[in-house]
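Have a look at the structure below, then the notes.
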2 protein chains.
Amino acid sequence: MTTIKDIAQAVGVSCTTVSNVIHGKTGRVSAETITRINEAIDKLGYVPNMSARSLVSSSSKVIGMISHLASNKKESIVEDPFHSAFIGSIEKTLRENGYYLMLRTVETTSDLINFLHNWNVDGLFCTGVFQDEFFEALTSLKIPVVLIDSYVSHPNICNVGLEDYEGGYTATRYLVDKGHKNIAFASPSIKEKGVVYERFQGYKDALKEASIPFRQNLVFEQELDTATTIALGTKLATRKDITAVFATADILAAGIMAGLNAAGKRVPEDISVMGFDDINLCQLTSPTITTIHQDAPLKGKLAVYFLMDKLENKPILKREVILPIHLVERQSVKSLYN
Amino acid sequence: MTTIKDIAQAVGVSCTTVSNVIHGKTGRVSAETITRINEAIDKLGYVPNMSARSLVSSSSKVIGMISHLASNKKESIVEDPFHSAFIGSIEKTLRENGYYLMLRTVETTSDLINFLHNWNVDGLFCTGVFQDEFFEALTSLKIPVVLIDSYVSHPNICNVGLEDYEGGYTATRYLVDKGHKNIAFASPSIKEKGVVYERFQGYKDALKEASIPFRQNLVFEQELDTATTIALGTKLATRKDITAVFATADILAAGIMAGLNAAGKRVPEDISVMGFDDINLCQLTSPTITTIHQDAPLKGKLAVYFLMDKLENKPILKREVILPIHLVERQSVKSLYN
DNA sequence: TTGTAAGCGTTATCAG
DNA sequence: CTGATAACGCTTACAA
């Protein structure tokens, strides 16, 4: 392991000078020394020891991407702890800016605090945070925090979100415009201040606007694992009154379609289905899925930009960015006006 | 930040003793001191500074999960939904053993070396490594390396893999047993010493065993993005000779099915399709996809166990573990014997 | 323009 | 049983 000291000796200068050159504090160093140091760095293959830096400088260049697991949830592919859609995008942007990404699951608030102290973590990403004790802990941290897909807000915290309300509204409105009146709402558990809650409000408002009474018995909340979603589909097949379903996730929509199919119902002839997210799957099912599109990689990228700005103490113009959605029309919804 | 020194002062002992107690070197410490130290640790909320530990002890508890990007590829670290399946499992197992997971994409060998030095990385996971210069670099590291889904081998390196050959054989054999003779092979680029290559061998051997001549014009290699896979499906629809397709990934199989469908072909009536992996998608398409099952979370877990054993210098019984596959029969394959 | 030296939090060596 | 003390690699006042 080549160290700064090795470079200093090779060149015949002090550690200070080497350190200064490395950090571009090149104002008070002669041009010649600079080149000689840089040559030595290349030749000897110097690589900074981040632990040492971190120890002395209270900046570690470590960014945590944490996922908060409510106590004993089972890990499944659906319940992907790391929201794989945008994590690649996050790692890339972070790396290009000289940061390192640590993935960590925490169960309790003190798990989080310990983790942050362990590595002197510089900044944090979290997804799907609710208004709870965990969020409170987040707000009192002294490091930048960027929340993704969370409807909790605080002056200390930046948010990257989606037009969830609009998405729910747009989807429902689309179904209404196609002549549907008995529209089921399928989603995971509708938690206050969560993305699903917002989509739910959009659903309800679209109904109200069309003077269609909201009925609680058209709301179906359940887990997103494959077996459960398929079961919901077969259950919906027995409900003669329902002509359309709005599912708040494509994976859920697909499961419902599979269940309907298994029960002998045809989509969209017998019942229409709308999804949300516009993942690849939507183009692979038969019929293809009409859905609300969102740009996950962009979400990741924006989240990083937010964090970088805060880390570099740039003025934060706004604490929040909301990505637009749009409807992608495919085959899973049928018009009742024919 | 509470440090060891704070604890030492509070209890009235030296740093050494505190450190010893923390590490269970409790042989030469009085029972009373131990409890007093532990109480202080709780009360003052001591959390170890990993950077400091790392600096002094040449073990950082950092494990890298690296993905090697061939320079100009756009794919990111978890572009493959299948990879994200076991990354959660890896983080969990690592965490339970006191380690931390860093995600990192590297393009060149020296990117890798630098990263390792930066953080004094204790161990490494890599997926899909081929016999190239990058692999050579891996073999000469002095830290434990566990390869996942890679068919390169070296005494210094552990492998966690799958019965890819058997998978290819089993899938093809199944199609043959159903009376198919003109069986297409669809996959991403077949690289020497890669998982796809193994599956390809299994395909060829199953044909040979059934005395069906191998035909290169039944082999289709292309990218796995949705548009391309669907295009392949429509292309296959024009090939009157083909009665079945073996795709080496479910995502590919689904795309092909969508393309066939779009071109007016019915699966499995007109053409049969087999997948590989058994991801959720297989149960969501219509028809559901007959496929080769593999256990991704188990793969992740075993990879971690391998690494832990090497990190703790436990005797390595075998350098390699190959997970079994099995066929899951669904609806996308039709028997020609009726 | 460059060097000295202290100190970050921890562990390890060696004395007491 | 316990405690000084050096060392890990680096940054940063402060000197020169």
Side-chain angles (χ1 to χ4, degrees), chain A residues 1-38 40-41 44-62 98 100 114-122, chain B residues 1-38 40-41 44-62 98 100 114-122:
Chain A
M1 271 280 301
T2 310
T3 73
I4 274 196
K5 199 190 282 180
D6 297 328
I7 304 292
Q9 280 171 352
V11 180
V13 297
S14 78
C15 294
T16 309
T17 305
V18 176
S19 177
N20 281 137
V21 169
I22 287 171
H23 287 83
K25 307 273 179 206
T26 177
R28 356 200 245 276
V29 186
S30 76
E32 198 215 324
T33 312
I34 293 178
T35 44
R36 285 180 50 224
I37 288 178
N38 281 326
I41 285 178
L44 277 60
Y46 168 76
V47 174
N49 180 324
M50 297 305 291
S51 296
R53 272 194 190 165
S54 170
L55 188 56
V56 77
S57 70
S58 85
S59 159
S60 61
K61 298 292 177 183
V62 171
Y100 299 81
N114 287 0
F115 172 61
L116 299 182
H117 283 164
N118 280 145
W119 292 102
N120 224 304
V121 174
D122 276 357
Chain B
M1 272 278 302
T2 311
T3 73
I4 275 196
K5 199 190 283 181
D6 297 329
I7 304 294
Q9 278 170 355
V11 180
V13 296
S14 77
C15 293
T16 310
T17 305
V18 176
S19 177
N20 282 138
V21 169
I22 286 171
H23 287 83
K25 307 272 177 205
T26 177
R28 358 200 245 276
V29 186
S30 77
E32 199 215 322
T33 312
I34 293 178
T35 45
R36 285 180 52 221
I37 288 178
N38 282 325
I41 285 178
L44 277 62
Y46 168 77
V47 174
N49 181 324
M50 297 304 291
S51 296
R53 271 195 191 166
S54 170
L55 188 56
V56 76
S57 71
S58 86
S59 159
S60 61
K61 298 290 177 184
V62 171
Y100 299 82
N114 287 0
F115 173 61
L116 299 183
H117 283 164
N118 280 145
W119 292 102
N120 223 304
V121 174
D122 277 357

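Heavy-atom basis, side chains included; hydrogens, waters and symmetry copies ignored. Just so we're clear, the structure is a prediction, and the values are computed from it rather than from any experiment. Letters A, B, ... are given to chains in the order of the sequence lines, protein chains preceding strands, and every chain is numbered from 1.
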For [X], what residues pass the side-chain hydrogen bond (donor to acceptor under 3.5 Å, both in side chains) criterion, not counting sequence neighbours?
X        : answer
A:Ser57  : none
A:Asn118 : B:Tyr100
A:Thr35  : none

Closest-nucleotide ordering on DNA chain C, the 5'-leading residue of A:Ser30 and B:Tyr46: A:Ser30
Please give, in whole Å, the distance from [N] [atom2] to [X] [atom1]?
X        : N      : atom1 : atom2 : result
B:Lys25  : C:dT11 : NZ    : P     : 11 Å
B:Asn120 : C:dT10 : CG    : C1'   : 14 Å
B:His23  : C:dG9  : NE2   : P     : 16 Å
B:Ile7   : C:dG9  : CD1   : C1'   : 13 Å

Are any protein N/O atoms closer than 3.5 Å to N/O atoms in nucleotides 6-8 of chain C? If there are, list each pair with its distance.
none

Students often get this wrong, so: under 4.0 angstrom with heavy atoms, is B:Thr33 touching a base, only sugar-phosphate, or nothing? sugar-phosphate
Double-helix bend of the helix from C:dT1-D:dA16 to C:dG16-D:dC1, axes at both ends from 5 pairs, round to 10°, gives 40°
I want to check one thing: is the phosphate of C:dG9, taken as OP1 and OP2, less than 4.0 Å away from some side-chain N or O of B:Arg53? no
If the condition is side chain to side chain contact (heavy atoms under 4.5 Å, CB included), which residues does [X] pass it with, not counting sequence neighbours?
X       : answer
B:Thr33 : B:Val13, B:Thr17, B:Val29, B:Ser30, B:Ile37
B:Arg53 : B:Ile22, B:His23, B:Pro48, B:Met50
B:Ala52 : A:Leu55, B:Asn49
A:Ala40 : A:Ile7, A:Val11

Is there a side-chain contact between A:Asp122 and A:Val62 (heavy atoms, below 4.5 Å)? no
For DNA chain D, which residues in residues 14-22 of chain A have a heavy atom at a distance below 4.0 Å? A:Thr16, A:Ser19
So where does chain A start and stop touching DNA chain D, 5' to 3', when the test is distance under 4.0 Å to a non-hydrogen atom? D:dG9 to D:dA13
